[in-house]
Amino acid sequence: MSSLNLNTWARPRFMLKQATRSRSTNFHLFHSLRKLPISSISTTKPKRPQLSSFSSFSVSAVLTKDDTLKSEEEKEKSAFNFQSYMVEKARSVNKALDDAVLLKEPQKIHEAMRYSLLAGGKRVRPVLCVAACELVGGKESMAMPAACSIEMIHTMSLIHDDLPCMDNDDLRRGKPTNHKVFGEDVAVLAGDALLAFAFEHIAVSTADVSPARIVRAIGELAKSIGTEGLVAGQVVDINSEGLSDVGLERLEFIHLHKTAALLEGAVVLGAILGGGNDEEVEKLRMFARYIGLMFQVVDDILDVTKSSEELGKTAGKDLVADKVTYPKLLGIEKSKEFAQKLNRDAQEQLSGFDLDKAAPLVALANYIAFRQN
């Protein structure tokens, strides 16, 4: 976790207040499950909120110097420490993953599974799952098996995505890709094994949750990675390479399915297993859909602005493969504006939740928006 850049977060409470702006309905997401439109891309920079001179004067007029210092100390004590939160949660996730996938016979396949699963990474998806669970009143332990399952499936998608028949990549998280170490045959099987075990793990290891909620969570997980989710996005992405007429509609379909669907699944699973009601689950679904698209928009930007060393994976591969990306269609600056807008719209979905419990999700959204790799 030492490689994470955690210094670019806006304050959670401020962002929640900022996110109450109204949304226009000109720009739509073309997701088959989407019912609400995303607002249009802003062509002007958002104004910074202005503090009224009256409120500033009133505070300074009634507080003594000692009161001011005391207030600042209390604020520091109560402020949400996202870096500590991520380190703590990632440590819990890594331990749970290490305990779940043991090194046993056949040793080669388990070595391959563990090689990619335990290779590091930001653990954004499992942490989102746990944070959503805790937001609706659940405990970390209730969501941890699902969080691990999400990471197993994510790892499977990376192993398969790197194969010569797909993106043909040699580098992942700063290390040789799975098929470069274990061969294509074992890499395919390692991905398959992680996919199968993900469902077994959530089914048999989830505790203190009703069977009905576990079954519902499994259904959501399957949907997020099948032909209504990750697979759909991957197929359309492959079929779009080299085409000259790919527009925003198809690009959004690709990103919302290939990337956002699994992030959505992580958040929704956490909300379901944590005991969230239908309204809470759907608000968190929309939050996840916004940040899922934002994740890929930012990924597109980083692919053309960062080096392979900075990213820990091959940079510029979308350009080489002649893929359509947001920077290619909108330009880098408009893509950045769009990512910022998606972040605001995502955080709007968190209004109505307890501010302190929502702080991790707000900070995670900001991390996704401002990440550098």
Side-chain angles (χ1 to χ4, degrees), residues 27-41 124-125 150 153-163 165-169 172 191 221-268 285-305 311 313-332 334-339 341-343 345-346 368-369 371:
F27 194 81
H28 292 262
L29 291 181
F30 300 93
H31 191 306
S32 60
L33 303 178
R34 173 109 173 101
K35 296 180 180 179
L36 298 175
I38 278 185
S39 44
S40 57
I41 303 174
V124 169
R125 291 159 188 81
I150 289 283
I153 290 172
H154 175 54
T155 301
M156 172 276 296
S157 72
L158 299 182
I159 293 173
H160 286 179
D161 207 38
D162 292 335
L163 290 168
C165 62
M166 300 286 277
D167 282 356
N168 193 22
D169 226 327
R172 172 70 65 180
L221 182 58
K223 194 172 187 179
S224 72
I225 63 175
T227 56
E228 292 187 44
L230 190 153
V231 169
Q234 190 77 294
V235 168
V236 176
D237 187 26
I238 292 171
N239 291 340
S240 299
E241 290 183 17
L243 297 181
S244 59
D245 60 345
V246 177
L248 280 174
E249 179 176 352
R250 181 182 286 233
L251 184 61
E252 284 164 7
F253 181 95
I254 292 169
H255 287 343
L256 282 165
H257 289 74
K258 183 179 176 181
T259 301
L262 193 55
L263 281 162
E264 178 182 325
V267 172
V268 170
R285 184 190 300 280
M286 295 314 305
F287 164 80
R289 204 166 293 179
Y290 281 118
I291 67 168
L293 181 58
M294 177 175 66
F295 190 98
Q296 191 60 55
V297 174
V298 173
D299 217 48
D300 285 355
I301 295 168
L302 294 176
D303 189 65
V304 296
T305 59
L311 294 178
K313 60 182 180 180
T314 307
K317 63 180 182 179
D318 291 340
L319 184 64
V320 173
D322 197 23
K323 287 188 177 181
V324 175
T325 63
Y326 274 95
K328 188 173 182 178
L329 291 182
L330 299 177
I332 291 178
K334 289 293 182 184
S335 297
K336 289 180 178 179
E337 286 182 18
F338 188 32
K341 180 117 185 66
L342 290 168
N343 190 16
D345 288 341
I368 290 171
R371 66 194 176 94

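Keep in mind that the numbers below use all heavy atoms, side chains included, and drop hydrogens, waters and symmetry copies.
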* Structure fact -> With sequence neighbours left out, the residues meeting side chain to side chain donor-acceptor pair (under 3.5 Å) with S335 are none

* Structure fact -> CG of D345 to CZ of F338, rounded to nearest 0.5 Å, is 9.0 Å

* Asked: So, for H257 and A232, which heavy atoms are closest and what is the spacing to 0.1 Å?
  -> CD2-CB, 3.9 Å

* For the residue pair K336 and I301, establish whether any side-chain heavy-atom pair is separated by less than 4.5 Å. => yes

* Check: V124 and I368 side chains under 4.5 Å, non-hydrogen atoms -> yes

* Using 4.0 Å as the upper bound for N to carboxylate O, is an ion pair formed by D299 and R371? -> yes

* Asked: Side-chain contact, heavy-atom cut-off 4.5 Å: T325 with D303?
  -> no

* Set of side chain to side chain donor-acceptor pair (under 3.5 Å) partners for K258, sequence neighbours left out -> Q234, D237

* Search all heavy atoms of G247 against all heavy atoms of L329 and return the closest pair with its distance. => C-CD1, 3.8 Å

* Asked: In Å and rounded to the nearest 0.5 Å, what is the CD1 to OG1 distance from I332 to T305?
  -> 6.0 Å

* **Qualifying residues under ring pair (Phe, Tyr, Trp, His ring centres under 6.0 Å), relative to H255, sequence neighbours excluded** => Y326

* Looking at side-chain heavy atoms only, is the closest gap between S157 and L230 below 4.5 Å? -> yes

* Asked: Does the side chain of I291 come within less than 4.5 Å of L342's, by heavy atoms?
  -> no

* Asked: Should R250 and V236 count as side-chain neighbours, where that means a heavy-atom distance under 4.5 Å?
  -> yes

* **Residues N343, Y290; criterion side chain to side chain contact (heavy atoms under 4.5 Å, CB included); working and verdict** => CA-CA 7 Å; N343 190 16; Y290 281 118; over 6 Å; no

* Kindly indicate whether the side chain of D169, heavy atoms from C-beta on, has any atom under 4.5 Å from the side chain of D161. => no

* Nearest-0.5 Å distance, CD1 of residue I254 to OG1 of residue T259 -> 10.0 Å

* Heavy-atom closest pair, residues L263 and G292 -> CD1-CA, 3.5 Å

* Please report the shortest heavy-atom distance between V324 and L251, naming the atom on each side. => O-CD1, 3.2 Å

* **Heavy-atom closest pair, residues A369 and M294** => CB-SD, 3.6 Å

* Asked: How long is the span from the CZ atom in R172 to the CG atom in D167, to the nearest 0.5 Å?
  -> 8.0 Å

* **Atom of L262, atom of S224 and distance for their closest heavy-atom approach** => CD1-OG, 4.1 Å

* Atom CD in E264, atom CZ in R125: separation rounded to 0.5 Å? -> 13.0 Å

* Asked: Any sub-3.5 Å donor-acceptor pair from H154's side-chain atoms to I150's backbone N or O?
  -> no

* Asked: So do the side chains of L302 and V298 get within less than 4.5 Å of each other, counting heavy atoms only?
  -> yes

* State which residues pass side chain to side chain contact (heavy atoms under 4.5 Å, CB included) with V235; sequence neighbours excluded, sorted by chain then number. => V231, N239

